[in-house]
Amino acid sequence: MNATLEKLKHKFEQALVAAFGADYAGVDPILVPASNPKFGDYQSNIALSINKQLGQSPRTTAEQLVKHLNVSDLCEPPAVAGPGFINLILKTSYLEAQIKAAQADPRIGVATAKNPKRTIVDYPSPNIAKEMHVGHLRPAVIGDSIARILEFLGHEVLRISHVGDWGTPFGMLIVHLQQAYPEALRTTETLDLGDLSTFYRQAKKRFDEDENFREAARLAVVKLQAGDEETLLAWKIVCALSSRAYQVIYDLLGIAPFIERGESFYNLLLPGVVQALEAAGLLVEDQGAKCVFLEGFTNKEGNPLPLIIQKSDGGYNYATTDLAAIRYRLQVDKAQRVIYPVGAEQTNHFTQIFQVGRRAGWITDDVEFIHAPFGLVLGEDSKKLKTRTGETVRLRDLLDEAIARARDDLEARLQEEGRQETEEFKAAVAQAVGISAVKYTDLSQNRTSNYTFSFDKMLNLQGNTAPYLMYAYVRIQGISRKGQINFAQLGADAKILLTEETELALAKHLLQLSEVLGYVEADLLPNRLCQYLFELSQKFNQFYDQCPVLSAAEPIRTSRLVLCDLTAKTLKLGLSLLGISVIERM
RNA sequence: GGGCGCGUGGCUCAGUGGAUAGAGCAUCAGGUUCCGGUCCUGAGGGUCGGGGGUUCGAAUCCCUCCGCGCUCGCCA
């Protein structure tokens, strides 16, 4: 099914040619949602932009265009307003038909992408044996949502986590494991190291204090890279334990499954990167290191800045690994679009490796490598979020606190309303609300800006929060329970009647999902979807306030039930694309 | 010092060329509590950091200044 906007755009393109000649074929009619509802539903600003070349007033241009515009199946007669805007109001009969079609459509009227692309979304890449912290929240939540949206639109999506599972810190972890938990290397039983971060701290402490340990650690790195079996086994154990610990957090957050393809995966491909850059004539040896000198980057002395591909000691940097990943994703994965939702502080890094990838001829014009940067999570003091004692906030602690606070709110409400609920219900609602609140807050901010973290605000039941949206859904389920309505059996022959203002406003909004997802597909800004869902909830609440459903007479009753059902479906789908699940009661 | 980003009502934020700049929170005033009021209606409140420019039209593009953040060769 075509989005309304697309149909209108097509009609405008035809009218432009009909009115002003073939020169205007393919000119964008600048068709956008009306800036104010009083101007209608859509407006075209084309007359204001082409009047100069036509040598006449924009109003005249608009009027000529309208004469050739045939939109009578969709809209009321178009009106020229102000300096030359063309305003369009959708016909009620058209809206009614569209609502009915969406109701019967499993995709509720959302079209799939015309050009599906093989897409890779880069997932958070925590360092093995370190605990996940707030810094991993945004890449997880935003990456998951982007992947879900693109997948729903028909793109083939690969989710890949580039975990830090290689490099110098591993020496100390391996040696510490070998010495403190020798039994781990002899048994296939699951080993309980307790708190992994404690394990890391112990290792780090020994590394800092004990010269012998440091030497052993260095040796372990050499052995690891040489493929020594015993060392490799210890390394694998550390990685496995770590992944298992991460999985608990990912599960709690509801992050969709992904492929773990850590830095170690590219180890054998690194020499190939050096060779390829050498062959491309980009590699320069400077102060013993093999570098590519960058265009547009200078050091403090004003000289070109090098990107170090191979260190003077023969080792590799993360830029090299990332370049290897770029090649692999192109050559083996055959990716057409690669998206890196990574913090804005790494903008330079990505600009640099993409530049090298392009200059080496790997990244061609038909593929897209996109760094989708995001801002920081700030504390109330407007500084990077820390605990009261100034430490990094563990992601687990943050989520647990959100759940605990959601639980307190729920208990208070139950008491106030004199409700009795099972422990199971309370635990499930607290978790759903707490986690959703954290995720929704993160997603509802413009990805590129910093935002201030506040439990009170995100758990607020009013305003642009997850609980407000979830409540709108719960209200609809309440109607279904109370009226013993099975929404699935409303029937394809149900007549849709949009008479009240709030019904029309709700219906129009329901039909805009496709457009909104199109924006997110292009801009990778999930906050647009959040905004849409929030406005949908508001419009539903206004409708709910004004229009009785169950007590209405037929055929209005069934028509309103369809509106309720479609709203619920839209909320459920929209939230699921944000990685948020709805609940039936709360 | 160079590069990148940000600066919008008391607070948190939308809005990247189009009509009087929007929302939520908070404040104040009202409604309703009948399908779950965790709701709805209304009001006040902004020289869109300052200045200059491009344009028929600028929060949005360009220049410049101020403030804040990130970043600048062998960590990731």
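Reminder, nothing fancy here: chain letters follow the sequence lines and each chain counts from 1.
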Listing time: all N or O pairs from protein to nucleotides 71-73 of chain B that are below 3.5 Å?
from	atom 1	to	atom 2	distance (Å)
B:U71	O2'	A:N348	ND2	3.0
B:G73	N1	A:D286	OD2	2.8
B:G73	N2	A:D286	OD2	2.4

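Contact annotation: the side chain of A:R261 never approaches that of A:H162 to less than 4.5 Å [non-hydrogen atoms, C-beta and beyond].
Remark: A:R528 qualifies as a cation-pi partner of A:Y519 under the 6.0 Å distance and 45° angle criteria applied to the six-membered ring.
A:Q43 comes within contact range of at least one nucleobase, with a heavy-atom separation under 4.0 Å. Counting any heavy atom pair closer than 4.0 Å across all strands shown, A:M586 reaches a base atom. Within the nucleic acid shown, A:R419 comes within 4.0 Å of at least one base atom, counting heavy atoms only. In this structure, A:R528 reaches the sugar-phosphate backbone alone: every heavy-atom distance under 4.0 Å involves primed, P, OP1 or OP2 atoms, never a base.
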Would you please test A:L385 and A:L378 for side chain to side chain contact (heavy atoms under 4.5 Å, CB included) and show each step?
CA-CA 5 Å; A:L385 187 65; A:L378 306 178; over 6 Å; no
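Closest to the A:Q346 side chain, of the nucleotides B:C74, B:C13, B:A76, is B:A76. Taking the side chain of A:K311 as heavy atoms from C-beta on, and the options B:C75, B:C25, B:A76, the nearest nucleotide is B:C75.
We find that CZ of A:F543 is positioned 15 Å from P of B:C35, with the value rounded to whole Å. In this structure, A:F374 atom CZ and B:C4 atom P are separated by 21 Å, rounded to whole Å.
Non-hydrogen atoms lying under 4.0 Å from RNA chain B are contributed by A:R413, all within residues 407-416 of chain A. Near-neighbour residues of RNA chain B inside residues 440-450 of chain A, defined by a heavy atom below 4.0 Å, number-ordered: A:Q445, A:N446, A:S449, A:N450.
Listed by first and then second residue, the side chain to side chain donor-acceptor pair (under 3.5 Å) pairs involving residues 542-552 of chain A amount to none (not counting sequence neighbours).
A:R405 meets the side chain to side chain contact (heavy atoms under 4.5 Å, CB included) test with A:E401, A:F455, A:D456, A:L459; sequence neighbours excluded.
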Both atom distances under 3.5 Å, Watson-Crick or G-U wobble: I'd like the secondary structure of RNA chain B as a dot-bracket string, with | for pairs made across strands.
((((((((.[[[[.)..(...]]]].(((((.......))))).....[[[[[..)....]]]]])))))))....
